[in-house]
Amino acid sequence: MTVKKRTHYCGNLTISNVGEEVILMGWVNRRRDHGGVIFIDLRDREGLAQIVFNPDINPDSHRGAHAIRSEFVLAVRGTVQGRPAGMENPDLKSGAIEVMVTELEILSEAKTPPFVLNEDAEVSETVRLRYRYLDLRRPEIQKNLILRSKIAAETRRYYQENGFIEVETPVLTKSTPEGARDYLVPSRVNPGMFYALPQSPQLFKQLLMISGFDRYYQIVKCFRDEDLRADRQPEFTQIDVEMSFIAEDDIYRITEGLVAHLFRTCLNTKLQIPFPRLSYADAMEMYGRDNPDIRFALELKDLTHIVRNSALKVFSEVASAGGVIKAMKIEDGKSLTRKDLDGLTDYVSTYGAKGLAWARVNPDGWTSPIFKFLTPSEVKDINNRMDAKEGNVIVFLADSPSIVNDALGNLRNHLARKLNLAHPRQYSFTWVNEFPLFEYSDAEKRYVSKHHPFTSPVMEDIPLLSTDPGRVRARAYDLVLNGTEIGGGSIRIHRQDIQSLIFRTLGLGDEEARRKFGFLLEALEYGTPPHGGIALGFDRLVMIMTGVESIRDVIAFPKTQKATCLLTDAPSEVSIEQLMELSLKIV
RNA sequence: GGGGUCGUAGUUAAGAUGGUUAUAACGCCGGCCUGUCACGCCGGAGGCCGUGGGUUCGAGUCCCAUCGACCCCGCCA
């Protein structure tokens with residue numbers, strides 16, 4: 001056989017290659033047999049090229065081409081020629097040319113694939129994941145992973161050029177309390193002992209600052225044994241960053257620079273930096289969530305002061321019980337039918353809301369189930385507060401602050417999707433900061449860190465640690481893109497005494513703190529620079545940059561919602577010998 | 001742990017109120033076809049209706065359980 005070495009990618013051939021003899025290797029995307037001439041679309045990662053088998057030109061190859069089926073792997077030698085006039089295919093990058101085959105070698109035959117993968121045929125995800133290696137042949141998926149690779153490469157380039165050092169941290173490490181459930185790995189040489197897979201390299205990057213690396217980054221796998229969602233996998237990737245001798249602004253600036261660099265180099269999109277900043281309190285007040293999508297307005301307005309003494313009991317009773325009444329104005333209320341409005345009540349019920357009131361604004365009042373319970377002045381005050389005009393719809397929710405914010409904050413996103421208020425190709429970033437340091441856990445009956453226990457409190461709030469921990473603000477910040485938290489970080493505690501104070505507030509005794517984090521507390525005593533950092537959710541960033549809805553579409557071999565792999569069938573049982581070697585017994 | 005949607009040829013789906021042999025499209029196989037590109041035309045094969053139980057003279061269809069996929073709540077410092 002004389003066919004030897006590939007000379008070109010199929011998808012890269014253009015009119016400029018006409019006349020050249022080329023050797024292509026790739027998969028059969030589709031075969032069109034006309035009895036005489038046979039056309040095959042040959043596919044590789046760069047695209048398609050039409051190759052032609054003509055009995056008059058090369059009878060041998062033409063005979064061989066009869067046996068060819070979908071997904072066979074071929075090597076062909078041939079000459080690039082311009083297509084006859086009128087035969088060009090404008091849908092194909094290489095549509096102006098074709099390759100007249102002079103020599104064919106079938107490198108590999110293929111079983112008929114379980115699903116057609118050469119067009120956007122809809123296939124269930126179960127089948128796709130079962131045969132992921134075939135699914136990954138589809139250009140749409142390849143495109144995502146190729147962009148992911150580029151984003152990773154540009155991330156490394158950016159941090160390298162800005163004086164950051166990539167350091168790898170252990171995957172087998174120590175289980176720590178607080179935070180997500182750990183994945184555990186038994187130690188054979190230490191029976192009864194376990195490593196944990198890292199939820200993030202948090203402590204290691206702080207130790208690296210103590211070691212004097214000054215600027216660290218890493219693109220790193222993290223593991224959290226929690227339930228999955230459309231944007232959550234048990235193993236995921238972070239862009240992890242830490243810097244010494246800095247404050248919040250330094251993190252903001254370097255991170256804005258990264259994101260702008262990535263969008264410019266990978267999407268050819270110019271971002272407006274610096275990004276706007278929003279306090280946690282303002283975000284909750286205006287948007288009901290700490291990760292607001294600010295591509296659209298739909299702001300929440302507090303009406304509690306207006307309806308506190310209303311004859312409408314749901315309002316007055318909630319207000320006197322310490323709850324709030326908030327409302328949202330939908331500009332184009334006419335697009336919502338009565339049925340739609342009732343549907344919104346169902347929607348908010350998943351967030352614990354017991355009901356949702358609505359009002360259509362007319363010139364002479366409202367069309368609303370609650371209209372007759374409100375005084376004309378209450379209606380007028382609400383209209384003024386909401387800046388309501390004819391044709392608007394106002395929705396109201398009365399409940400505890402957390403339910404109102406949760407329900408309306410999610411309803412806000414829901415409505416934006418339903419009414420197409422958010423442009424998919426618009427990228428609206430915002431920083432959210434001044435988070436509370438702690439939140440009270442009803443389940444554990446104690447304060448827990450909202451970010452993590454190494455987050456520095458705002459200095460002037462330190463006295464509150466002993467009197468009112470819930471009011472202590474953290475030097476923490478999240479980066480939010482189009483309503484998704486794509487990153488978060490903080491300025492860390494660099495003093496051992498304050499770190500101990502925080503542990504105590506969390507209900508962690510000195511002895512326990514020593515046992516769990518002794519190495520960090522000790523390290524803090526050996527000269528620790530002020531430091532802080534951030535971690536960006538790499539998969540989520542790639543999701544938004546590729547425009548896909550599922551994190552599984554940017555991960556080559558993702559897990560199902562039950563955290564299994566349909567391809568490898570992991571997790572699976574292990575032999576009794578393996579268990580014995582690890583001193584493990586299944587309970 | 002909880003709520004919801006779904007499961008029928010290889011794939012995607014249709015199968016009112018239970019009733020002969022379970023449909024269609026694409027794919028697959030065979031034949032014809034020398035300019036197609038979602039090629040076309042003719043013919044054909046292909047099914048434990050996710051699984052197990054129940055109701056019934058009779059179940060793809062009704063009931064119960066169970067398995068699996070997806071979305072959501074809780075959870076995710």
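The model shown is predicted, which means the values in this text are computed figures rather than measured ones. All values below were derived from every heavy atom in this structure, side-chain atoms included, with hydrogens, water molecules and symmetry-related copies excluded. Chain naming here is simple, since letters A, B, ... match the order of the sequence lines and numbering starts at 1 in each.
- Taking atom C1' on both B:rU61 and B:rA16, the two are 10 Å apart, rounded to the nearest angstrom.
- In this structure, A:Leu92 atom CG and B:rC39 atom P are separated by 12 Å, rounded to whole Å.
- At B:rC76, none of the side-chain N or O atoms of A:Gln199 fall inside 4.0 Å of OP1 or OP2 (strictly under the cut-off).
- Of the charged side-chain nitrogens involved, at least one lies within less than 4.0 Å of a carboxylate oxygen, so that A:Glu248 and A:Arg475 count as a salt-bridged pair.
- Side-chain atoms of A:Asp56 come within donor-acceptor range of the base of B:rU34, with a qualifying N/O pair under 3.5 Å.
- If you check distances only, the side chain of A:Arg232 does reach the base of B:rC76 with a donor-acceptor pair under 3.5 Å.
- Looking only at side-chain heavy atoms (C-beta outward), A:Arg492 and A:His452 come within less than 4.5 Å of each other.
- Between A:Asp135 and A:Arg137 there is no salt bridge, since no side-chain N of the basic residue sits under 4.0 Å from a carboxylate O of the acidic one.
- Here, B:rG19 and B:rC63 have their P atoms 15 Å apart, quoted to the whole Å.
- For A:Arg83 and B:rC37, a side-chain-to-base donor-acceptor distance below 3.5 Å is present, hydrogens and geometry of angles not being considered.
- On the C1' atoms, B:rC72 is 31 Å away from B:rG53, given to the nearest whole Å.
- Look at B:rU12: its Watson-Crick or wobble partner, with both distances under 3.5 angstrom, is B:rA24.
- Using atom P as the reference point in both B:rC42 and B:rC33, the two lie 16 Å apart (nearest Å).
- We find that CG of A:Asp33 is positioned 12 Å from P of B:rC29, with the value rounded to whole Å.
- Separating the P atom of B:rU17 from that of B:rG54 is a span of 24 Å, rounded to the nearest Å.
- Phosphate proximity of B:rG68 to A:Lys562: present, with a side-chain N or O under 4.0 Å from OP1 or OP2.
- Rounded to an integer number of Å, the gap from A:Leu566 CG to B:rC70 C1' is 12 Å.
- Spacing between B:rG18 and B:rC62 at atom P, rounded to whole Å, works out to 9 Å.
- Protein atom CZ of A:Phe39 is 7 Å distant from nucleotide atom P of B:rU36, rounded to whole Å.
- Pair check for B:rG43 finds B:rC29; Watson-Crick or G-U wobble, both atom distances under 3.5 Å.
- Distance noted for atom P between B:rA65 and B:rC70: 23 Å (whole Å).
- Contact between the side-chain N/O atoms of A:Arg69 and the OP1/OP2 oxygens of B:rC29 is found at a separation under 4.0 Å.
- Using Watson-Crick or G-U wobble geometry with both donor-acceptor distances under 3.5 Å, B:rC75 finds no partner in any strand shown.
- For the pair A:Glu122 CD and B:rU12 C1', the computed distance is 8 Å after rounding to whole Å.
- B:rU5 is paired with B:rA69 under the criterion used here, namely a Watson-Crick or G-U wobble arrangement in which both key atom distances are under 3.5 Å.
- Nucleotides B:rC49 and B:rA24 place their C1' atoms 16 Å apart, quoted to the nearest Å.
- The aromatic rings of A:Tyr183 and A:Phe223 lie perpendicular to each other, with more than 60° between the two planes, well past the 30° mark.
- For A:Thr112, no side-chain nitrogen or oxygen approaches OP1 or OP2 of B:rU11 to under 4.0 Å.
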